[in-house]
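All residue numbers refer to positions in the sequence shown, counting from 1.
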Amino acid sequence: MSVPDGLILQTAFTIYIETKNWDWFHDEQLENHLTALDKESSGLKVLLALAKFESDAHAGFTRISELCTTEYKGSIIFEAVSFEDFVKALDNPHLPKNLADAVVEFRAYLDEQNLLPSWERWLDVVNCAGMPDDVLLDKVYMCPATAGAYTHYRCKYFGMYRNKRIEQIALIEAVVDVEAAGSATVKWQHGQRTNEELKRLAEKKVQKLRPNDFPKRVFLLGPLYKTDCTKDSPGGMYNSKQYFDIGRFKVEGAEHLARVLSGKTWSEIRNPSAI
């Protein structure tokens with residue numbers, strides 16, 4: 001038996017990638033990919049669903065995951081990955097400069113194409129003059145869980161507006177739609193609690209503050225931090241909410257954002273960009 005002085009070996013692998021600009025895939029299309037992958041030569045086989053996921057990336061792929069386990073006996077691995085997680089995985093600090101530069105350019109391209117989550121740099125300022133105690137005492141904001149005027153884009157931070165100024169800032173820990181007693185849906189979350197914990201907490205808030213008033217959209221807020229950011233244009237808020245792009249402030253949390261905004265006017269923080 002001869003022993004080589006060196007060995008270079010590349011184990012066979014095949015990766016199929018299906019990308020979408022949204023977070024919804026056709027099961028039939030993915031099942032066809034599984035069939036084709038199964039016919040590939042031996043080795044590692046992976047089906048990757050790459051999209052702009054902003055919640056649990058694996059939600060909605062139950063059938064595909066079951067097929068990989070049952071019909072294909074684990075010979076095919078399925079993963080659902082957001083563009084954000086994908087580019088983070090590429091960003092290795094030990095990459096040579098040319099590859100590191102390529103990753104930077106790729107991230108910039110994804111951002112330009114609106115494929116990376118933008119919600120982290122947005123502040124949702126809401127008129128709370130009618131029921132300030134919901135925010136101040138119970139750290140919650142509620143509105144009807146309907147479309148139209150009550151639709152809220154996903155944002156990381158919540159600003160309590162009253163008396164022509166933003167008075168409080170908080171992290172939006174989660175937004176939960178409570179459709180009825182015992183029925184709730186987590187729309188998104190930014191904290192560490194499980195979906196079941198968030199559902200129970202939102203239902204408790206509804207029963208305490210708006211008993212049996214369904215459906216309700218519940219903003220569960222983190223600790224409140226005082227600020228004083230004045231609306232310097234005439235009149236009050238024309239709508240129930242306003243959005244501000246606070247990305248350029250390099251915010252490191254709700255308390256930091258409150259300090260940054262304090263003493264400023266809306267004209268100073270407003271960005272020409274809009275959601």
Problem set entry | Worked verdict on Phe86 versus Leu110 for side chain to side chain contact (heavy atoms under 4.5 Å, CB included) | CA-CA 11 Å; Phe86 183 73; Leu110 293 177; 5.6 Å; no

For this session: List the steps and the verdict of side chain to side chain contact (heavy atoms under 4.5 Å, CB included) for Thr11 and Leu44.
Result: CA-CA 8 Å; Thr11 305; Leu44 177 65; over 6 Å; no

Problem set entry | Steps toward side chain to side chain contact (heavy atoms under 4.5 Å, CB included) verdict (Val206, Phe214) | CA-CA 9 Å; Val206 171; Phe214 303 112; 3.8 Å; yes

For this session: Show the numbers, then the answer: is there a side chain to side chain contact (heavy atoms under 4.5 Å, CB included) between Trp122 and Ile246?
Result: CA-CA 6 Å; Trp122 287 93; Ile246 44 89; over 6 Å; no

Can you list, pair by pair, the side-chain donor-acceptor contacts under 3.5 Å of residues 12-19, counting residues two or more places apart and other chains?
| residue | atom | partner | partner atom | Å |
| --- | --- | --- | --- | --- |
| Tyr16 | OH | Glu40 | OE2 | 2.6 |
| Glu18 | OE1 | His33 | NE2 | 2.8 |
| Glu18 | OE2 | Lys20 | NZ | 3.4 |
| Glu18 | OE2 | Gln29 | NE2 | 3.3 |

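Leu209 and Leu221 fall into different hydrophobic clusters, where Ile, Leu, Val, Met, Phe, Trp and Tyr residues are linked whenever their side-chain heavy atoms come under 4.5 Å apart, directly or through other members. Under the 4.5 Å side-chain heavy-atom criterion for ILVMFWY residues, a single connected hydrophobic cluster contains both Trp266 and Tyr157.
Between the side chain of His190 and the main chain of Ile172, a donor-acceptor pair closer than 3.5 Å is present. The backbone N or O of Leu136 sits nowhere less than 3.5 Å from a side-chain atom of Lys139 that would complete a donor-acceptor pair. The backbone N or O of Tyr141 lies less than 3.5 Å from no partner atom in the side chain of Arg217, so there is not a single donor-acceptor pair. The main-chain N or O of Ala180 is never found under 3.5 Å from a side-chain atom of Ser183 such that the two would form a donor-acceptor pair. Between the side chain of Lys231 and the main chain of Gly236, a donor-acceptor pair closer than 3.5 Å is present. Looking at Thr227, its side chain does come within 3.5 Å of a backbone N or O of Ala258 through a donor-acceptor pair. Between the side chain of Gln189 and the backbone N or O of Arg193, at least one donor-acceptor pair lies under 3.5 Å. With hydrogens and angles ignored, the 3.5 Å screen pairs a side-chain donor or acceptor of Lys164 with a backbone N or O of Ser233. For Lys205 (side chain) and Asp138 (main-chain N/O), a donor-acceptor pair under 3.5 Å exists by modelled atom type. Looking only at distances, a side-chain donor or acceptor of Glu179 sits under 3.5 Å from a matching main-chain atom of Ala184.
Atom CG of Leu34 is separated from atom CD of Glu71 by 8.0 Å, given to the nearest 0.5 angstrom. Residue Ser82 holds its OG atom at 11.0 Å from NZ of Lys52, rounded to the nearest 0.5 Å. A distance of 6.5 Å separates CD1 of Ile269 from CG of Leu123, quoted to the nearest 0.5 Å. The distance from atom SG of Cys155 to atom CH2 of Trp188, rounded to the nearest 0.5 Å, is 7.0 Å. Distance CD/Gln192 to CG/Leu198: 10.5 Å, rounded to 0.5 Å. One distance of note links CD of Gln242 with CG of Asn127; it measures 10.0 Å at 0.5 Å rounding.
The aromatic rings of Tyr109 and Phe106 sit parallel, their planes meeting at an angle under 30°, below the 60° perpendicular limit.
Between Lys199 and Glu203, none of the side-chain N atoms (NZ, or NE/NH1/NH2) sits under 4.0 Å from a carboxylate O, so this pair counts as no salt bridge. Salt bridge present: Asp213 and Lys216 bring a charged side-chain N and a carboxylate O closer than 4.0 Å. Look at Asp134 and Arg210 and you find a salt bridge, because one of the NZ, NE, NH1 or NH2 atoms lies within 4.0 Å of a carboxylate O, short of that distance. Taking the charged nitrogens against the carboxylate oxygens, Arg63 and Glu66 have no contact shorter than 4.0 Å, which rules out a salt bridge.
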